[in-house]
Amino acid sequence: MGFAEQRFNVNLSILFTELPLLQRPAAAAAAGFSAVELWWPWTDSPVPERSEPDALRKAIQDAGVRLTGLNFYAGRLPGPDRGALSVPGEESERFRANVDVAASFAESLGCTALNALYGNRVDGVDPAEQDALALENLTLAARAADRIGAVLLVEALNRPESPLYPLVSAPAAVGVVDQVNAATGLDNARFLMDLYHLAMNGEDLPAVIDRYAEKTGHVQIADSPGRGAPGTGSLPLEDLLDRLGKAGYDGWVGLEYKPGDRPSAEAFDWLPREAR
């Protein structure tokens, strides 16, 4: 099969960041891609002024690309935060305020995958309290996603880079997925399988694929070590994506890697243009 058999989209929150946000969709289109994904773009505002999402929506539509994935509000990302939904107090409230806003923006662009980052452990707070809050907020998010025909994604990150994040293995993230589905009865929560994060955790990637492909709603890739483009590290990404396809995964593969010391437009030489 190989890379040419996959459907790739570009994460505009890590690639093309040398450009202003509103110029990135057109840059992805110029590089040959038809789909993009985003972290929540307004890190300081879970409920931005209407003009801001309106402008981004127009930029995506004018570029002729499809939005295939969007994060809910997750705090400062990139930065010290790893989500807001399990953090008691103001951050949890900001996440809740964002749920319908993010879902509405996603719906307006036909986006059917919403990612909810769990959030870091907080000193002095009982982890069980955080987990109960997380389940409550993920249930709200799953219901909002269901209203627009979308899936809710739950992602495992890696311990070296996110030491306070509790979901640092595939089984941990899938366990939360199962809890959310049991709580809502909607069965629209899915695992976001980021092969870079799982590799950084030292997981057996072929085993993870075989075990969890059917519960996977989205896949993201970067090479490891370094979080660069495929071919800059040691991960057999082509073989791993082939294995995912054989296991039944036929969704988008998000390119969530750093371009390195070059413009983002030059960071796709590993992928023939006709396969973008």
Side-chain angles (χ1 to χ4, degrees), residues 1-12 14-15 28-29 31-38 65-71 110-115 145 149-158 167 169-175 177-178 181 187-257 267-276:
M1 294 175 64
F3 288 139
E5 302 301 316
Q6 310 298 329
R7 293 193 298 162
F8 293 104
N9 68 292
V10 178
N11 189 302
L12 297 182
I14 194 169
L15 285 155
F33 293 95
S34 64
V36 298
E37 64 183 34
L38 284 162
V65 294
R66 176 181 172 188
L67 182 67
T68 55
L70 177 69
N71 282 20
C111 173
T112 57
L114 290 161
N115 184 28
V151 297
L152 172 73
L153 300 171
V154 177
E155 182 175 8
L157 301 183
N158 73 78
L167 307 184
S169 71
V174 172
V177 166
D178 291 342
N181 285 332
D187 196 37
N188 72 326
R190 296 288 183 271
F191 176 42
L192 195 167
M193 185 185 292
D194 186 311
L195 295 177
Y196 166 75
H197 288 308
L198 300 179
M200 286 286 288
N201 285 328
E203 296 190 62
D204 182 335
L205 297 184
V208 167
I209 288 168
D210 293 346
R211 185 174 182 184
Y212 297 123
E214 66 179 32
K215 294 189 176 186
T216 297
H218 187 47
V219 172
Q220 291 174 333
I221 64 169
D223 215 331
S224 180
R227 200 172 186 175
T232 60
S234 58
L235 287 184
L237 288 167
E238 196 163 15
D239 292 341
L240 292 168
L241 293 179
D242 280 351
R243 192 180 190 103
L244 264 163
K246 291 173 183 175
Y249 181 76
D250 61 358
W252 292 93
V253 176
L255 303 181
E256 197 186 48
Y257 59 78
F268 305 109
D269 51 1
W270 59 276
L271 183 63
R273 192 175 181 90
E274 60 272 16
R276 299 178 189 175

Mind checking the CG-CG spacing from N71 to L153? Nearest 0.5 Å is all I need.
8.5 Å
I'd like to know if the side chain of H218 and the backbone of G251 have a donor-acceptor N/O pair within less than 3.5 Å.
no
Could you tell me whether a side-chain N or O of N11 sits under 3.5 Å from a main-chain N or O of E256, the two making a donor and an acceptor?
no
Are the side chain of S34 and the backbone of A29 linked by a donor-acceptor contact shorter than 3.5 Å?
no
Can you tell me how far apart CE (M200) and CZ (R227) are? Round to the nearest 0.5 Å.
9.5 Å
Gap between atom CG of L114 and atom CG of L192 - 0.5 Å precision
11.5 Å
Do F268 and F8 have ring centroids that are under 6.0 Å from one another?
no
Looking at N181 and D187, what are the two nearest heavy atoms and their distance?
OD1-CA, 3.2 Å
Compare every heavy atom of S234 with every heavy atom of P225, then report the nearest pair and how far apart it is.
CD-OG, 4.0 Å
As an exercise, state the distance from CG of L70 to CG of N115, rounded to the nearest 0.5 Å.
9.0 Å
Nearest heavy-atom pair of A170 and V208: which atoms, and what distance?
CB-CG1, 3.9 Å
Report the distance from atom CD of E155 to atom CD of Q220, rounding to the nearest 0.5 Å.
5.0 Å
Non-hydrogen atoms of G233 and D223 that approach each other most closely
N-OD2, 2.9 Å
Quick check: do Y257 and L15 have side-chain heavy atoms less than 4.5 Å from each other?
yes
Checking side chain to side chain contact (heavy atoms under 4.5 Å, CB included) between Y196 and each of I221, L237, N158, which is the one that passes?
N158
Write down the atom of A267, the atom of W270, and the distance for their closest heavy-atom approach.
O-NE1, 3.4 Å
N9 side chain to L255 backbone, donor-acceptor under 3.5 Å:
no
Rounded distance (nearest 0.5 Å) linking atom CG of L195 with atom CG of L244:
6.5 Å
Shortest non-hydrogen pair, R66 vs T112, comes out as NH2-OG1, 4.3 Å
Within a strict 4.5 Å, meaning less than it, do heavy atoms of the L241 and E5 side chains meet?
no
Using atom types as modelled and distance alone, determine if a side-chain donor or acceptor of E238 lies under 3.5 Å from a backbone N or O of F3.
yes
Chi angles and distances behind the side chain to side chain contact (heavy atoms under 4.5 Å, CB included) call for L205, L235
CA-CA 10 Å; L205 297 184; L235 287 184; 4.1 Å; yes
Side chain to side chain donor-acceptor pair (under 3.5 Å) partners of residues 198-212, not counting sequence neighbours, each pair once
D210-R243
So do M193 and I209 actually touch side chain to side chain, heavy atoms under 4.5 Å?
yes
